[in-house]
Each structure stands twice: as structure tokens, then as C-alpha cells.
> 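This is the structure, below, for whatever I ask next.
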Amino acid sequence: MSEQLLTVADSLKDRARAALGSRNLILVGLMGAGKSSVGRIVASQLAIPFIDSDLEIERVSRMTIAELFAAYGEQEFRALEARVIKRLLKSGPRVVSTGGGAFINDRTRKHIKKGGLSVWLKADLDVLWDRVAKRDTRPLLKTENPKQTLEGLMNARYPIYAQADLTVLSRDVRKEIMADEVLKALIEAQKESAAS
Ligand SMILES: Nc1ncnc2c1ncn2[C@@H]1O[C@H](COP(=O)(O)OP(=O)(O)O)[C@@H](O)[C@H]1O
Ligand SMILES: O=C(O)C1=C[C@@H](OP(=O)(O)O)[C@@H](O)[C@H](O)C1
Ligand SMILES: [Mg+2]
């Protein structure tokens with residue numbers, strides 16, 4: 001193989017694709033962490049299908065997430081979310097971006113742990129707040145003080161997100177850079193598991 005071909009074969013996305021194999025890559029983390037937008041870029045880099053579980057839930061129910069919460073409540077939404085995510089993870093490789101509460105639900109977390117490699121996109125409150133404040137589509141943030149609600153969710157959920165296989169810090173940098181960081185984490189994790 002020529003040196004040029006070796007360089008191409010050795011590129012970040014090729015190495016990450018090899019590290020993933022036939023597993024699914026599942027993005028978890030709080031609202032605004034970038035799961036949906038970064039997940040789409042990661043899938044495109046890896047040249048594998050991308051699915052956002054919220055979009056899939058909206059497609060099958062023919063309702064928006066906000067409408068589902070309003071009509072049936074959070075508990076019913078979580079039951080539907082668990083079923084949809086279980087189904088999405090039946091075959092791979094895929095990149096699946098989940099909604100922020102998915103990994104917090106015991107049943108869904110079990111499906112995710114069984115269904116592939118989970119990556120927590122971890123961000124601090126100000127980064128998350130800056131991003132979610134731009135849209136009002138998230139029913140859990142329709143409160144008197146949504147920033148305080150987000151902080152409460154952070155405190156309650158971060159110990160559980162910490163159970164994900166990998167953690168990537170979601171900084172205030174371009175989405176493409178975040179996607180590269182996910183690919184690098186995937187490669188590092190593979191190296192570590194090969195060494196142990
Ligand atoms: N790294 C980033 N830099 C700038 N904006 C981002 C970044 N990641 C996400 N965003 C923006 O923040 C908002 C929330 O991102 P999204 O991917 O929907 O997060 P999540 O699915 O985790 O709630 C979107 O408007 C998105 O374009
Ligand atoms: O944190 C949560 O419980 C939720 C996060 C949302 O997804 P994003 O994290 O993609 O915003 C969406 O699933 C729903 O509004 C509930
Ligand atoms: Mg999302």
C-alpha cells in the first residue's frame with residue numbers, strides 16, 4: 001500500500017469506524033448538550049445511519065414531543081421512548097441520539113447498555129442554558145424559572161449519566177469539533193480495551 005493510501009486508511013473517521021465495528025453508538029446527556037446535532041455529524045463521518053429517538057417517537061406517534069407530554073404525560077412518554085429505543089438498538093451499527101431523559105429511565109438505560117456503546121456529552125449549565133433558551137420546544141423547561149429547572153435536572157441526572165461507557169466534554173466549540181472528539185473517544189476506548 002502506498003504511503004498516501006495508508007494515510008487515508010489511517011484517518012480519524014476510519015479508525016473510529018473500525019473501533020465501533022457492528023455496535024451502536026448511543027449519545028446521552030442533558031438537553032442542549034448537542035446529542036441531536038453532533039450525533040448527526042458523527043454518523044455522517046462514520047458513514048452509518050443516524051437516528052434521533054425523539055424524531056422517531058414523533059414519526060411513529062404523529063405528534064410532537066410537546067404534544068405527547070401534554071396529552072399523555074411524562075410517564076407515558078417514557079414508556080413509548082423505552083419501546084422505541086429498544087427497537088432502534090436491535091440492529092447496528094447506527095448512531096442513536098436519545099432525548100435527555102432516556103438514560104435516566106431504568107428500563108431504557110438497560111436497553112442502551114445492552115444495545116451498544118453509550119457516550120455522555122457532558123456540558124456545564126451556562127453552555128446548556130445558552131442553547132436551550134433559543135427554542136421553547138422542551139416541555140420540561142416550561143416552568144417559572146427554566147434555568148433553575150435545568151440546574152435541578154443537572155444535579156439529579158449527572159450521577160446517572162456518569163454510568164455511560166464514555167464521557168466527552170461538550171464545550172463551546174463548533175459541532176464538527178465535538179464530533180471529532182466523540183470519534184477520538186471511541187478510538188481511545190478501543191485502545192484501552194485491547195490493552196486490558
Ligand atoms: N457545539 C455546539 N456549538 C454550537 N451550538 C451547538 C453545539 N451543539 C449544539 N448546538 C446547538 O444547540 C442547540 C441544542 O442542540 P441539540 O443537538 O438539539 O442538543 P440535544 O439534542 O442534546 O438537546 C441546537 O440549536 C444546536 O444547533
Ligand atoms: O431531558 C428530557 O427529559 C427531555 C429531553 C428532550 O430531548 P433533548 O435532550 O434532545 O432536548 C426530549 O426528549 C424531551 O423534551 C424530554
Ligand atoms: Mg435532541
> Could you walk me through whether Gln163 and Lys113 pass side chain to side chain contact (heavy atoms under 4.5 Å, CB included), step by step?
CA-CA 9 Å; Gln163 295 176 34; Lys113 286 190 171 172; 2.8 Å; yes
> Starting at CG of Leu89, measure out to CG of Asn24 and round the result to the nearest 0.5 Å.
5.0 Å
> For residues 172-189, run the donor-acceptor check on the side chains, cut-off 3.5 Å, and write out each pair with its distance to 0.1 Å, sequence neighbours left out.
from	atom 1	to	atom 2	distance (Å)
Glu181	OE1	Arg171	NH2	3.4
Glu181	OE2	Arg171	NH2	2.4
Glu188	OE2	Lys191	NZ	3.1

> What's the shortest heavy-atom distance between Ser170 and Ala33, and which atoms?
OG-O, 2.8 Å
> Is the count of non-hydrogen atoms from other residues, nucleotides or ligands lying under 6.0 Å from Tyr158 atom OH greater than 12?
yes
> Looking only at heavy atoms, what is the nearest atom pair of Gly39 and Leu27, with distance?
CA-CD1, 3.4 Å
> With clusters defined by side-chain heavy atoms of hydrophobic residues (ILVMFWY) lying less than 4.5 Å apart, directly or transitively, does Leu150 cluster with Ile160?
yes
> Can you check whether Leu80 reaches Ile57 side chain to side chain, under 4.5 Å on heavy atoms?
yes
> Between Leu20 and Ile48, is any pair of side-chain heavy atoms under 4.5 Å apart?
yes
> Below 4.0 angstrom, N of the basic side chain to O of the carboxylate: do Asp14 and Arg17 qualify?
no
> Would Leu88 and Leu25 show up in the same hydrophobic cluster when neighbours are defined by side-chain heavy atoms closer than 4.5 Å?
no
> Would a distance-only check, ignoring hydrogens and angles, find a side-chain to backbone donor-acceptor pair under 3.5 Å from Arg23 to Gly116?
no
> Is there a donor-acceptor pair closer than 3.5 Å between any side-chain N or O of Tyr161 and the backbone N or O of Gly100?
yes
> Working to the nearest 0.5 angstrom, can you tell me the gap between Ile85 CD1 and Asp54 CG?
8.0 Å
> Can you pull out every side chain to side chain donor-acceptor pair (under 3.5 Å) where at least one residue sits in residues 133-142? Sequence neighbours excluded, please.
none
> Is it true that atom NZ of Lys86 has more than 12 heavy atoms of other residues, nucleotides or ligands lying nearer than 6.0 Å?
no
> With the 4.5 Å side-chain cut-off for hydrophobic clustering, are Phe50 and Ile26 part of the same group?
no
> Considering non-hydrogen atoms only, spot the tightest contact between Glu56 and Ile51 and give its length.
CB-CG2, 4.2 Å
> Nearest 0.5 Å, what's the CG-CE distance between Leu140 and Met31?
5.0 Å
> Measure the shortest side-chain to side-chain distance between Arg78 and Glu74 over non-hydrogen atoms and say whether it is less than 4.5 angstrom.
yes
> Roughly how far apart are Arg131 CZ and Ser37 OG, rounded to 0.5 Å?
7.5 Å
> Check this for me: does any side-chain nitrogen of one of Lys147 and Asp130 sit under 4.0 Å from a carboxylate oxygen of the other?
no
> With a 4.5 Å limit on heavy-atom distance, are the side chains of Ser61 and Leu68 in contact?
yes
> Are there over 12 heavy-atom neighbours, none belonging to Arg157, within less than 6.0 Å of that residue's CZ?
yes
> Show the nearest heavy-atom pair for residues Gly29 and Trp120, with the distance to one decimal.
CA-CD1, 3.7 Å
> Assigning hydrophobic clusters by single linkage (Ile, Leu, Val, Met, Phe, Trp, Tyr; side-chain heavy-atom cutoff under 4.5 Å), is Val96 placed with Leu30?
yes
> At what distance, to the nearest 0.5 angstrom, does CZ of Arg83 lie from CZ of Arg107?
7.5 Å
> Taking all non-hydrogen atoms of both residues into account, name the closest pair between Ala164 and Ser118 and its distance.
CA-OG, 3.4 Å
> For residues 73-111, which residue pairs pass the ring-ring contact (aromatic ring centres under 6.0 Å, His included) check, not counting sequence neighbours?
Phe69-Phe77
> Side-chain contact, heavy-atom cut-off 4.5 Å: Pro146 with Trp129?
yes
> Provide the closest heavy-atom pair for Pro139 versus Ala66 in the form atom of the first, atom of the second, distance.
CG-CA, 4.2 Å
> Please check if the side chain of Thr149 supplies one atom and the backbone of Asn145 the other of a donor-acceptor pair under 3.5 Å.
yes
